[in-house]
J.: 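One structure follows; several queries about it will come next.
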Amino acid sequence: MLVLKTEKELKSHLLPLGNEKSLGLVPTMGALHHGHASLIRRAISENDTTVVSIFINPTQFNNQEDLKKYPQSLKEDIHILEKLSSEIIVFAPPVEEMYPNGVTSTSYQFNGLDEVMEGAFRDGHFNGVGTVVEVLLKLVNPTKAYFGEKDFQQLQIIKRLVEIKDIPVDIIGCPIVREPNGLAMSSRNERLSPVLRKEAGLIYKTLETAKKRFGTESAKSIMDWVKNQFKEHPNLKLEYIEITDVETLMPIKRKQDNRKYRAFIAVYADEVRLIDNIALN
Ligand code: AMP
C-alpha cells in the first residue's frame, strides 16, 4: 500500500497514470469506520485508481478542544484500507504540506449555504472545509470525489465550491451508514460511553418519526415535537433541529410538491457533538 506524504510524491505517482484513466478521491480525517469504507468501496468500483486522503484539517475546527481530541489512528486506518484494496493510494500529508503559507482559510461566497445550521454554530467551519477540499481537488485532479450525506450541508457546499472555482470533477454524494441502533457512524462516536452511545440512537429514531409526520404536519409542529423529545433526555442536548429545502438549505416556508426537503439535527451527548439528517420526501 502506497502511503504518500508530500505533493511531490503524490504528483510523481499520479502523473504517469495519464488522463485516460479515471481517478477517484475520498477525502477523510482518518479514524476510519464503515461510513468511510462505503465511500471508498464506491470509489474503487467506479474508478481505475482511488486516492484516500487522511488529514485532520485544523482550519475547519472552530473549537480547539475538539481538534485536540480528534482521534488519530493512521496505523489502524492503513490496515483497514489494505483490507479494502492494497491498490489504494493513501495521501496523509503533514499540516505544513497542505498549508505552506500558514494555517488560514480562504473566504468563499457560498450563497448563504454556509450561514445556516453547521455554519451558524461553527464559525468559519465551511471556509476551512472549502480551503482543504479545494487544495486536495487541485492536487489530485480526480474524475470523481466522494462525500457522505452524513455531512449533507458540506456536500452541498462542495458542489457549490467546484461550481464557483470551475473545478472539473463530479461530486458524488453517498448514503449515511449507521450503527445497529440507527446512530450515524462517526469518528466521534468512539468518545461516547457505551450507555450514551446506546441512548444516542434516539437521534435517528426522532428523525424517522419526523419523516413520518412530515406528510401531515407543519414543519413548526414537527420541530416543536422534536424539541420536546430531547427535553426528556437530559444527557442529549439538542443544539438545533431544522427542516430545510435541499437545494437552498433555507428553512421551509410552505411545502411545495416540486421541492425536496430534509431535516437536520445537531445534538451534544456530554461534550461530544453529533449531527445527522434525513430526507423527508
Ligand atoms: P470525516 O473523516 O468525518 O471528515 O468524513 C470523511 C467523509 O466520510 C465525509 O464525506 C463524510 O461525510 C463521510 N462520512 C462520515 N461518516 C459517514 C457515515 N456514517 N456514512 C456515510 N458517510 C460518512
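Both backbone and side-chain heavy atoms feed into the values below; hydrogens, waters and symmetry mates do not. Keep in mind the model is a prediction, meaning the values are calculated, not measured.
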J.: Any side-chain heavy atom of P58 within less than 4.5 Å of one from L67?
T.: yes
J.: Mind checking the CD1-CD1 spacing from I157 to I164? Nearest 0.5 Å is all I need.
T.: 10.0 Å
J.: Honestly curious: do W225 and I252 fall in one hydrophobic cluster under the side-chain, below-4.5 Å linking rule?
T.: yes
J.: Quick one: closest heavy-atom pair of A184 and I275, and the distance?
T.: CB-O, 4.4 Å
J.: Could you check whether any side-chain N or O of H13 sits under 3.5 Å from a backbone N or O of E9, counting only pairs where one atom can act as donor and the other as acceptor?
T.: yes
J.: Rounded to the nearest 0.5 Å, how far does OG1 of T209 lie from NZ of K205?
T.: 9.0 Å
J.: Checking the side chain of S221 only, and the main-chain atoms of E217 only, is there a donor and an acceptor separated by less than 3.5 Å?
T.: no
J.: Sub-3.5 Å donor-acceptor pair from the side chain of D48 to the main-chain atoms of S22, do we have one?
T.: yes
J.: Looking only at non-hydrogen atoms, find the nearest pair between S85 and I44 and report the distance.
T.: CB-CD1, 3.8 Å
J.: Salt bridge between R191 and E271, side-chain N to carboxylate O under 4.0 Å?
T.: yes
J.: Taking the basic N atoms (NZ, or NE/NH1/NH2) and the acidic carboxylate oxygens, is any pair closer than 4.0 Å for R160 and E163?
T.: yes
J.: According to a 4.5 Å side-chain heavy-atom criterion applied to Ile, Leu, Val, Met, Phe, Trp and Tyr, with indirect links allowed, do L14 and I54 form part of one hydrophobic cluster?
T.: no
J.: For the aromatic rings, using the six-membered ring if either is Trp, is the centroid distance between F55 and F91 under 6.0 Å?
T.: no
J.: With a 4.0 Å cut-off, would you call E179 and R197 a salt bridge?
T.: yes
J.: Hey, what do you get for CG (L238) to CG (L202), rounding to the nearest 0.5 Å?
T.: 10.0 Å
J.: More than 12 foreign heavy atoms under 6.0 Å from CG of D123: is that the case here?
T.: no
J.: Please assess Y99 against V132 for the test side chain to side chain contact (heavy atoms under 4.5 Å, CB included), listing each intermediate value before the final yes or no.
T.: CA-CA 9 Å; Y99 291 97; V132 78; 4.0 Å; yes
J.: Any chance you could measure S187, atom OG, to L32, atom CG, to the nearest 0.5 Å?
T.: 7.0 Å
J.: Looking at E87, I'd like to know if its CD atom is crowded, meaning that more than 12 non-hydrogen atoms belonging to other residues, nucleotides or ligands lie closer than 6.0 Å.
T.: no
J.: Measure across L23 and V140 and return the closest heavy-atom pair with its distance rounded to 0.1 Å.
T.: CD2-O, 3.3 Å
J.: Check whether any side-chain heavy atom of D276 lies under 4.5 Å from a side-chain heavy atom of Y204, and answer yes or no.
T.: yes
J.: Run the side chain to side chain contact (heavy atoms under 4.5 Å, CB included) test on L274 and N189 for me, step by step, so that the C-alpha distance in whole Å, both residues' side-chain angles and the decisive distance to 0.1 Å come before the verdict.
T.: CA-CA 8 Å; L274 303 170; N189 294 356; 3.5 Å; yes
J.: Would you call M98 and N57 a side-chain contact if the rule is heavy atoms closer than 4.5 Å?
T.: no
J.: Side chains of T143 and V169: does their closest heavy-atom pair fall under 4.5 Å?
T.: no
J.: Consider only side-chain heavy atoms of I, L, V, M, F, W and Y, link residues closer than 4.5 Å, and tell whether L81 and V3 are in one cluster.
T.: yes
J.: Counting only N and O atoms by type, is there a donor-acceptor contact under 3.5 Å from the side chain of N111 to the main-chain atoms of L113?
T.: no
J.: Could you go through the side chain to side chain contact (heavy atoms under 4.5 Å, CB included) check for I265 and V267 one step at a time?
T.: CA-CA 7 Å; I265 195 165; V267 171; 3.9 Å; yes
J.: Given the rule that I, L, V, M, F, W and Y join up when any side-chain heavy atoms are under 4.5 Å apart, are M117 and I278 in one cluster?
T.: no
J.: Looking at the rings of F110 and F126, which for Trp means the six-membered one, are their centres under 6.0 Å apart?
T.: no
J.: Do NZ/NE/NH1/NH2 and the carboxylate oxygens of E134 and K138 come within less than 4.0 Å?
T.: yes
J.: So, E46 and R42, do they make that salt bridge, N to O below 4.0 Å?
T.: yes
J.: Do any N or O atoms from the side chain of H125 and from the backbone of Q60 form a donor-acceptor pair under 3.5 angstrom?
T.: yes
J.: Do you know the tightest heavy-atom contact between K5 and P94?
T.: O-CD, 3.3 Å
J.: Among the clusters formed by ILVMFWY side chains lying less than 4.5 Å apart, do F121 and L207 turn up in the same one?
T.: no
J.: Before accepting this row, confirm whether a basic side-chain N of the pair K68/E65 lies closer than 4.0 Å to the acidic partner's carboxylate O.
T.: yes
J.: Would a 4.5 Å heavy-atom cut-off, applied to side chains only, mark R41 and L84 as touching?
T.: yes
J.: Where do R254 and Y261 come nearest, in terms of heavy atoms and distance?
T.: O-OH, 3.6 Å
J.: Tell me whether the count of non-hydrogen atoms from other residues, nucleotides or ligands lying under 6.0 Å of NZ in K255 goes above 12.
T.: yes
J.: If we only count heavy atoms from C-beta on, is the V133 to T131 side-chain gap below 4.5 Å?
T.: no
J.: Measuring from D77:CG to H36:NE2, what's the distance to the nearest 0.5 Å?
T.: 8.0 Å
J.: Would you confirm whether N281, through its side chain, and R262, through its main-chain N or O, come within 3.5 Å as a donor-acceptor pair?
T.: no
J.: Mark yes or no for whether N277, through its side chain, and K150, through its backbone, hold a donor-acceptor pair below 3.5 Å.
T.: yes
J.: Could you tell me whether E239 and R273 have a side-chain N and a carboxylate O separated by less than 4.0 Å?
T.: yes
J.: Less than 4.5 Å apart, any side-chain heavy atom of V90 and any of I88?
T.: yes
J.: More than 12 heavy atoms of other residues, nucleotides or ligands under 6.0 Å from CG of N228: is that the case?
T.: yes
J.: Measuring from atom CZ of F61 to atom NZ of K69, what distance do you get when rounded to the nearest 0.5 angstrom?
T.: 12.5 Å
J.: Can S86 and E82 be counted as having a side-chain donor-acceptor contact under 3.5 angstrom?
T.: no
J.: Heavy-atom count check: over 12 atoms from other residues, nucleotides or ligands less than 6.0 Å from Q109 CD?
T.: no
J.: Tell me whether the count of non-hydrogen atoms from other residues, nucleotides or ligands lying under 6.0 Å of CG in N258 goes above 12.
T.: yes
J.: Report yes or no: does N47 contribute a side-chain atom to a donor-acceptor pair with the main-chain N or O of T50 at less than 3.5 Å?
T.: no
J.: May I ask you to test the T59-N127 pair for a side-chain heavy-atom distance under 4.5 Å?
T.: no
J.: On a heavy-atom basis, which atom in L236 and which in L196 lie closest, and how many Å separate them?
T.: CD2-CD1, 4.4 Å
J.: Take E190 and H33 through the side chain to side chain contact (heavy atoms under 4.5 Å, CB included) test and state the conclusion after the steps.
T.: CA-CA 10 Å; E190 299 305 319; H33 50 67; over 6 Å; no
J.: Between D270 and N235, is there a donor-acceptor pair closer than 3.5 Å when you use the side chain of the first and the backbone of the second?
T.: no
J.: Whether the side chain of E97 engages the backbone of E7 through a donor-acceptor N/O pair (distance < 3.5 Å, no angle test) should be reported.
T.: yes
J.: Could you go through the salt bridge (Lys or Arg N to Asp or Glu O under 4.0 Å) check for R188 and D66 one step at a time?
T.: CA-CA 10 Å; R188 290 187 170 88; D66 194 25; 2.8 Å; yes
